[in-house]
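The model shown is predicted, which means the values in this text are computed figures rather than measured ones. Proteins come first, then strands; the chains are lettered A, B, ... in the order of their sequence lines, and each starts at number 1.
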There are 2 protein chains.
Amino acid sequence: MTESLLQRQLESPESAVQRFREYLASRPKPLRFTEAQRQMIHFIFSRHNHFDAEQLCAELDRANLNISRATVYRTLNKLVNAGLLRRVQLGNRVAYEHDYGYPQHEHLVCDQCGRVIEFEAPQLEAVYEGVCRQYGFQPSRHNLVVRGTCGDCLRAHSAKCRLDLILAVPTPAG
Amino acid sequence: MTESLLQRQLESPESAVQRFREYLASRPKPLRFTEAQRQMIHFIFSRHNHFDAEQLCAELDRANLNISRATVYRTLNKLVNAGLLRRVQLGNRVAYEHDYGYPQHEHLVCDQCGRVIEFEAPQLEAVYEGVCRQYGFQPSRHNLVVRGTCGDCLRAHSAKCRLDLILAVPTPAG
DNA sequence: ATTCTTGCAAAGCCTTTGCAACTGC
DNA sequence: GCAGTTGCAAAGGCTTTGCAAGAAT
C-alpha cells in the first residue's frame, strides 16, 4: 500500500522504545512506561508505515496483543507528542506514519485504490517562503497531498474502456 | 478570519444559483431545486469564504433561515459535487470554500488563532510533476497546508513573554 | 402523480473521557 | 504508596440515514 523513494534510516523497535522512554522521563511530570506501550511500539516500528487507529487495533488483535482501543488512542497521541509518529491527513482519512529518523516528505494518494507514494520535495519550502515573509507568518510544518490516479489504476481503467468498446460495438462479423 | 492575496472574480449569488441549477438538470436523474438550497447558496455566496458545517448552521439560524442540519449537510455535499464549493482540510478541521470562479490556491493556517491566509503558488505543480511522471501517476488536485504562527500571534506571544519576565523578575525598585 | 427533498430523530463512525482497578516507579 | 495507566462503557463531536410528510416538476 505504501511505496517510498526515501532512503530509509532503519529504525529498530528498540531504539524507538529508547527514545520514547527519554520523552516520558523528560516531561515536567514524568510519565510511566508500560507493557502495553512497549508492545505497541514494537509492533508499529517493526511493521507499519502508514496506518490508521482502526487498522492498528485490528492488527494488534490479530497478533493476540490485547490492548484496548482507549489505550491504543492514548498511546498514539503520546507517540505523536514524542515525535515518534506523525499524524497525516491523506484525503479523508487520518493516518499515522513513522516520524523519528524519517525525512520530511510529501504524498501522492490514489483515489481509486488508496495507494500512497511518498516523495521528497526540498524545493517546496521555497514555494511558501515568500508569503510567510510577507505576512510575518512563522511556518512550523507543512503537508502536501496530491490526489489522483496511480499507474495501475489508470491501466486497469483503460483496459476496462477497451473492453467496454468491444462489448458495445460488436464487429460486423460478430 | 480569512485573508487573501487573490484577485477575486466576484461571484454573484445569482450566478452560483444559475450554475447549481445547471448541475442539477445535467444529472442522469435530474435533481430538484428547492427554496432551502436557494437560501443556502445566497447566504454562502454573499458572505463566507472559509467556514465549516457547524458555523454555517449557526449563522443560518442567526439569520432566521430555518434549515435543518441534515439539509445543510446534504446541500453542502451537492454544492461540492456541483463544483461550487471545495472541501479543504485545514489542520484538524474540515472547511468549505468557494470553488467556482476562484483560482487554485494554498493555505497558511495559524495554530494559535485559526487565521487562514490564502496564496497562489503556480510553481507548486512543478514540485510534484517529476514523481508523477516517474510513477505514471495522474494528478487531479493537490492540497498544501502550511501550519505555524501568524504575525499577530507572534507579536502577542513575545509581548506576553516580556510581561512574564517583568512579573517574574521585579526590578530592585519594585 | 411521481419522485425528490425536508425535518426529525436515531444511528454511525471515530475519538475522548470518567471511573475503579491496577501497576510502574 | 503515590500517581499515572488501563479497560470498560459511556459520552462527545461530526456526519449520515430511515422514515413520513411536504414540495418540485
Side-chain angles (χ1 to χ4, degrees), chain A residues 17-18 20-43 50-61 64-82 85-96 114, chain B residues 17-18 20-43 50-61 64-82 85-96 114:
Chain A
V17 164
Q18 173 61 22
F20 187 58
R21 301 195 68 149
E22 285 164 12
Y23 162 77
L24 296 175
S26 73
R27 310 257 54 201
K29 288 202 170 190
L31 303 175
R32 287 166 194 176
F33 183 67
T34 68
E35 184 55 18
Q37 292 165 351
R38 199 193 56 73
Q39 291 177 334
M40 275 184 61
I41 294 175
H42 268 259
F43 192 87
H50 289 100
F51 60 93
D52 62 30
E54 210 56 35
Q55 282 170 12
L56 183 60
C57 287
E59 295 182 26
L60 289 170
D61 275 356
N64 288 315
L65 297 174
N66 300 312
I67 303 177
S68 73
R69 197 169 286 283
T71 297
V72 168
Y73 277 100
R74 285 189 276 231
T75 303
L76 284 173
N77 286 336
K78 285 179 184 167
L79 290 170
V80 168
N81 291 333
L85 291 180
R86 196 183 290 151
R87 190 183 272 118
V88 283
Q89 188 79 36
L90 299 180
N92 305 317
R93 110 183 218 269
V94 173
Y96 294 88
Chain B
V17 164
Q18 173 60 21
F20 187 59
R21 302 195 69 150
E22 284 163 14
Y23 163 77
L24 296 175
S26 73
R27 312 257 53 201
K29 288 204 171 188
L31 302 175
R32 290 169 192 173
F33 181 68
T34 67
E35 183 55 18
Q37 293 166 349
R38 199 193 56 74
Q39 290 176 335
M40 276 185 60
I41 294 175
H42 267 259
F43 192 87
H50 290 98
F51 60 92
D52 61 30
E54 211 56 34
Q55 282 170 13
L56 182 59
C57 287
E59 295 183 26
L60 289 170
D61 275 356
N64 289 315
L65 298 174
N66 300 313
I67 302 177
S68 74
R69 197 169 286 283
T71 297
V72 168
Y73 277 99
R74 286 189 276 230
T75 304
L76 284 174
N77 287 336
K78 286 178 183 166
L79 290 170
V80 168
N81 291 333
L85 291 180
R86 196 182 289 151
R87 190 183 271 117
V88 283
Q89 189 78 35
L90 298 179
N92 305 317
R93 109 181 219 270
V94 173
Y96 294 88

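- With hydrogens and angles ignored, no donor-acceptor pair closer than 3.5 Å exists between the side chain of B/R93 and the base of D/dG13.
- The side chain of A/F33 lies closest to C/dC25, out of D/dT15, C/dC25, C/dG7.
- Counting to the nearest Å, the P atom of C/dC4 and the CG atom of B/N81 are 16 Å from each other.
- Put simply, A/T71 has no side-chain N or O that comes within less than 4.0 Å of OP1 or OP2 on D/dT5.
- Of the candidates D/dT25, D/dG4, D/dG7, D/dG7 carries the atom nearest the A/I67 side chain, counting heavy atoms from C-beta on.
- When each of B/E35 and A/V72 is assigned the nucleotide of DNA chain D with its nearest heavy atom, A/V72 is the one assigned upstream, toward the 5' end.
- Rounded to whole angstrom, the span from the CG atom of A/L56 across to the C1' atom of C/dC14 amounts to 14 Å.
- Regarding A/L24, its CG atom lies at a distance of 11 Å from the C1' atom of D/dG4, rounded to whole Å.
- Set against D/dG7, C/dG24, C/dC8, the side chain of A/R32 has C/dG24 as its closest nucleotide.
- When rounded to the nearest whole Å, the span between NZ of A/K29 and P of C/dC25 equals 17 Å.
- Whole-Å rounding puts the B/R69 CZ to C/dA11 P distance at 18 Å.
- Evaluation of atom-type donor-acceptor distances gives no pair under 3.5 Å for the side chain of A/R27 against the base of D/dG4.
- Between C/dC4, D/dC2, D/dT16, one nucleotide has an atom nearer to the side chain of B/N77 than all others, and that is D/dT16.
- Among the heavy atoms of the strands, none lies under 4.0 Å from B/D52.
- A straight line from CZ of B/R38 to P of D/dA24 spans 11 Å, rounded to a whole angstrom.
- Distance CG (B/L76) to C1' (D/dC14): 13 Å, rounded to an integer number of Å.
- Of all nucleotides listed (C/dG7, C/dC14, D/dA3), C/dG7 comes nearest to the side chain of B/A70.
- For the OP1/OP2 pair of C/dT16 and a distance below 4.0 Å, the side-chain nitrogens and oxygens of A/Y73 include no atom meeting the criterion.
- Here the CD-CZ distance, from A/E54 to A/R93, works out to 11.5 Å after rounding to the nearest 0.5 Å.
- Looking at the side chain of B/R74, the nearest of the listed nucleotides D/dA3, D/dT5, C/dC8 is C/dC8.
- B/N92 comes within 4.0 angstrom of nothing in the nucleic acid, heavy atoms only.
- The nucleotide whose nearest atom lies closest to any side-chain atom of A/A53 is, among C/dT5, C/dT15, D/dT15, C/dT15.
- In this model, the phosphate group of D/dC14 is not approached by any side-chain N or O of B/R87 to a distance below 4.0 Å at OP1 or OP2.
- In this structure, A/L65 places its CG atom 15 Å from C1' of D/dT6, rounding to the nearest Å.
- Contact check, A/T34 against D/dT6: a side-chain N or O comes under 4.0 Å of OP1 or OP2.
- Nearer the 5' end of DNA chain C, as judged by each residue's closest nucleotide, is the contact made by B/S68, out of B/S68 and A/V94.
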Trace of the side-chain contact (heavy atoms from CB on, under 4.5 Å) decision for A/L76 with A/M40 | CA-CA 9 Å; A/L76 284 173; A/M40 275 184 61; 4.2 Å; yes

